[in-house]
Amino acid sequence: MKRLIALFNILLAIEIILISVSGFFLYSEIKKASESSSRHLLFTTKNILLHSKHFKPLKQVGSVKIEFLKKPQETGFFERNNTAYLIFKRGKEYIRLSYTFHLNKFVEDILNLLGLLFALFTFLSLFVSYLISVQSDKVFKYINEIIKNIKNDKKPEFPKFKDKNLIRLFYGIKEIYKTLQKRNQQINQQKERLNHIINSMSDGLLFLKNGNIELFNPKIEEFIGVELKDGLNLLDCCQSVETIEFCEKLLENRTETFEYKLSNMWLFVNKQQVLDGLLIVVSDITEQKEYASIKAKFFADASHELKTPITSILGYSETILDSEMDNDTLKKFLKYINVNAQHLAELIEDILMLHRLETTRTKEVKSCDVDIVKEELGVSFSKFASEKGIEFIINCDVDKAPIPCGYLKSILFNLVDNAIKYTEKGFVKVECFIENNQFTIEVSDSGAGIQKQHINRIFERFYTTHKGRDRMLSGTGLGLAIVKHIVELYGGDIEVESEVGKGSRFKITLPSLT
Ligand code: ADP
């Protein structure tokens, strides 16, 4: 290409030089020819006119034109516009002879040749320009094609050239394309990563620009309970009165944080004006809210439960201190104090256990030798059962339980304690076996049974079916809550079957350790 342009320039230069040289040559030739011939002709005519005796006012002698002037501006021989003039005085008047000369044959030939050469060079120049334009057209076509393919995300084809400059040009374009592709890949990867992060966020995310949705994740749709669409105004997506109210609050263009109850969910909204829009992050705080209210209830219940034995202890001890009493009454009062103190100790122990379970996030993966706990169970409850005349049976042939011994003991002791406590005659039976690859415990009794309306609530903290004084004597009201927490921590399940007057059966299943 560069070479073609150079050639084209050289041709043009030659053409200009040739035309200038021939112009100069022509000019001098014309000058020379006109000078010699016209001078000769005009002077000869002058002589004829001057020496002619019978001079008549002629208008023309051959090709020489004769004019009579009164007072010319100049006299003598001179040339102007292809015409030679000779002005001379004859008597009182001036005569002007003029002769318009024509180019001679040689000059005409030269001119024709020059014309031909000019046409030839012009043609050559046009041809070279055409070649250059065809070549550059081709190059532009290729470049356009490449740009079109890149725009349409198609792989562009790079043509092969022999010209070094074109090879260099297209190599450069190819390199730019490769860098672009790399950048695109990086941008896409980052976009994908960002999308993945945004989509897997447990918080809802929404970015609004002038109220229109620019970015959102599935979680925010789940929270608001609507289907969002890019580019739509947020309000156009919200339909129910409840969601419209919430969306209107989200659309208020200011940085703020607030809590909002939508349906059954408590949401924490963090709005921030960033860049040229509004970034909204919504978190589900229902659990925290519930936990806070449960915690408040727990503290109220716990202090109430703790107050009962303490009041009794204070009451009995003050009576002992303030009044005279015989030994038997004193002993009776001390026994009451002891019972209440024991209850208080149990209560504190259960509260601490429940607190530990509620704050435990990672479970201890450890199995337990069932025989040890079985033995302890027998030793601890046989006396209690036989005192009440109840048959106490333990059928446990499984070697290992998939939970730590402390927890197994806690489950069995709480269930057996309840069973004996609420059974006046008959039996209390403990069975352990493997069912469906799961460690299963069943504690059944032939006791009082539980009324239907209580069954769903007996696992709540401090929930007992007994009122007043009986309540304190029945237990802490935390036993089954503790059992349920342990079972849930180890991914197990608990079922209750009970019939009033006939007895109850608690069935616990725990998945085996993997
Ligand atoms: P408590 O300390 O009162 O026994 P629990 O949480 O262990 O507390 O039990 C909650 C309630 O469930 C008890 O008050 C009792 O009414 C009922 N309950 C539990 N086990 C039995 C059972 N085997 N038979 C009858 N009622 C039971």
List the atom of Asp369, the atom of Cys405, and the distance in Å for their closest heavy-atom pair.
-> N-SG, 3.8 Å
Test item: Asp203 side-chain N/O and Val281 main-chain N/O as donor-acceptor pair under 3.5 Å | no
If only atom types and distance count, is the side chain of Glu442 paired as donor or acceptor with the main-chain N or O of Ile508 below 3.5 Å?
-> no
Measure the SG-CG distance between Cys396 and Asp371 for me, rounded to the nearest 0.5 Å.
-> 8.5 Å
Return yes if some donor-acceptor pair links the side-chain N/O of Ser446 with the main-chain N/O of Lys425 below 3.5 Å, else return no.
-> yes
Between the main-chain N or O of Met325 and the side-chain N or O of Thr329, is there a donor-acceptor pair closer than 3.5 Å?
-> no
Would the Phe433 and Phe439 ring centres measure less than 6.0 Å apart?
-> no
Answer yes when Lys297 and Asp301 have at least one side-chain N-carboxylate O distance shorter than 4.0 Å, and no when they do not.
-> yes
When rounded to the nearest 0.5 angstrom, what is the spacing between OH in Tyr142 and CG in Leu169?
-> 13.0 Å
Check: residues 223-235 side-chain donor-acceptor pairs under 3.5 Å, at least two apart:
unit_1	atom_1	unit_2	atom_2	d
Asn233	OD1	Leu235	N	3.0

Give a yes or no on whether the backbone of Asn212 and the side-chain of Asn210 come within a donor-acceptor separation of less than 3.5 Å.
-> no
Student check: side-chain heavy atoms of Leu352 and Leu354 closer than 4.5 Å | no
Would you find more than 12 non-hydrogen atoms of other residues, nucleotides or ligands less than 6.0 Å from Asn327 atom CG?
-> no
Taking the six-membered ring for Trp and the full ring for Phe, Tyr or His, determine whether the centres of Tyr171 and Phe158 are under 6.0 Å apart.
-> no
Interatomic spacing from CG in Leu251 to CG in Leu208 - rounded to 0.5 Å | 6.0 Å
Between the side chain of Ser200 and the main-chain N/O of His196, is any donor-acceptor distance below 3.5 Å?
-> yes
Contact list for residues 150-160, test side chain to side chain donor-acceptor pair (under 3.5 Å), sequence neighbours left out = none
So do Cys237 and Cys247 have their SG atoms closer than 2.5 Å?
-> no
Under a 4.0 Å N-O cut-off, is there an ion pair linking Lys209 with Asp276?
-> yes
Does any pair with a residue in residues 375-396 pass side chain to side chain donor-acceptor pair (under 3.5 Å), and if so which ones, sequence neighbours excluded?
-> Glu376-Lys409, Lys388-Glu424
In terms of heavy-atom contacts, Thr243 and Cys238 come closest through OG1-CB, 3.8 Å
Run the numbers on Met201 and Leu205 for side-chain contact (heavy atoms from CB on, under 4.5 Å), then give the verdict.
-> CA-CA 8 Å; Met201 268 171 71; Leu205 189 101; 4.0 Å; yes
Side chain Lys271, main chain Glu252, donor-acceptor under 3.5 Å | yes
Would the number of heavy atoms belonging to other residues, nucleotides or ligands and lying under 6.0 Å from OH of Tyr130 be above 12?
-> no
Between Phe427 and Phe392, does the ring centre distance come in under 6.0 Å?
-> no
Can you name the nearest heavy-atom pair linking Leu513 to Pro402, along with the distance?
-> CD2-O, 3.6 Å
Value for CD1 (Ile285) from CD (Glu259), rounded to nearest 0.5 Å, stands at 4.0 Å
Verdict with reasoning, Ser410 to Ile482, per side-chain contact (heavy atoms from CB on, under 4.5 Å) | CA-CA 8 Å; Ser410 199; Ile482 291 171; 3.8 Å; yes
Any side-chain heavy-atom pair from Thr440 and Leu510 closer than 4.5 angstrom?
-> no
Cation over ring face, Lys249 and Tyr260, 6.0 Å, 45° | no
Assess whether atom CG of Asn149 is packed by more than 12 heavy atoms of other residues, nucleotides or ligands within 6.0 Å.
-> yes
Carefully, step by step, assess His454 and Tyr463 under the rule side-chain contact (heavy atoms from CB on, under 4.5 Å).
-> CA-CA 9 Å; His454 296 302; Tyr463 189 85; 2.7 Å; yes
Counting only heavy atoms not in Gln453, do more than 12 sit closer than 6.0 Å to its CD atom?
-> yes
Check whether any side-chain heavy atom of Leu206 lies under 4.5 Å from a side-chain heavy atom of Ile213, and answer yes or no.
-> yes
If you measure from CG on Leu306 to NE2 on His343, what distance do you get to the nearest 0.5 Å?
-> 8.5 Å
Looking at Met265 and Glu222, what are the two nearest heavy atoms and their distance?
-> CE-O, 4.4 Å
Regarding Thr476 and Asp350, is there a side-chain donor-to-acceptor distance under 3.5 Å anywhere?
-> yes
List for me each residue that meets salt bridge (charged side-chain N to carboxylate O under 4.0 Å, His left out) alongside Lys507, sequence neighbours excluded, and say none if there are none.
-> Glu435
Grab the two heavy atoms, one from Leu408 and one from Ala401, that are nearest each other, plus how far apart they are.
-> CD2-CB, 3.8 Å
Note, Thr286 side chain near Asn264 side chain (heavy atom, < 4.5 Å) = no
Centres of the Phe333 and Tyr316 rings: under 6.0 Å?
-> yes
Does a side-chain heavy-atom distance below 4.5 Å link Asp328 with Leu330?
-> no
Which pairs with one or both residues in residues 475-496 pass ring pair (Phe, Tyr, Trp, His ring centres under 6.0 Å), sequence neighbours excluded?
-> Tyr407-Tyr490
So does Gln288 have more than 12 non-hydrogen atoms from other groups sitting under 6.0 Å from CD?
-> yes
Residue Lys374 excluded, over 12 heavy atoms near NZ under 6.0 Å = yes
Gap separating the CG atom of Asn144 from the NZ atom of Lys148, nearest 0.5 angstrom | 9.0 Å
Find out whether Leu267 and Phe246 are in side-chain contact, i.e. whether some heavy atom of one side chain is under 4.5 Å from a heavy atom of the other.
-> yes
Would you mind writing out the side-chain donor-acceptor pairs for residues 173-187 within the sub-3.5 Å range, not counting sequence neighbours?
unit_1	atom_1	unit_2	atom_2	d
Tyr177	OH	Gln181	NE2	3.0
Thr179	OG1	Glu175	O	2.7

Look only at the side chain of Ser312 and the backbone of Asn340, and say whether a donor-acceptor pair between them is shorter than 3.5 Å.
-> no
Got more than 12 heavy atoms from elsewhere within 6.0 Å of CG, Asn436?
-> no
Minimum heavy-atom distance Ser498-Ile455, with the two atoms named | CB-CD1, 4.0 Å
Is there a donor-acceptor contact under 3.5 Å linking the side chains of Glu192 and Asn188?
-> no
Could you tell me whether Lys141 and Glu145 make a salt bridge, using a distance below 4.0 angstrom between a side-chain N and a carboxylate O?
-> no
Under the side-chain contact (heavy atoms from CB on, under 4.5 Å) rule, what do Asn418 and Val443 come out as? Steps first, then yes or no, please.
-> CA-CA 10 Å; Asn418 280 344; Val443 177; over 6 Å; no
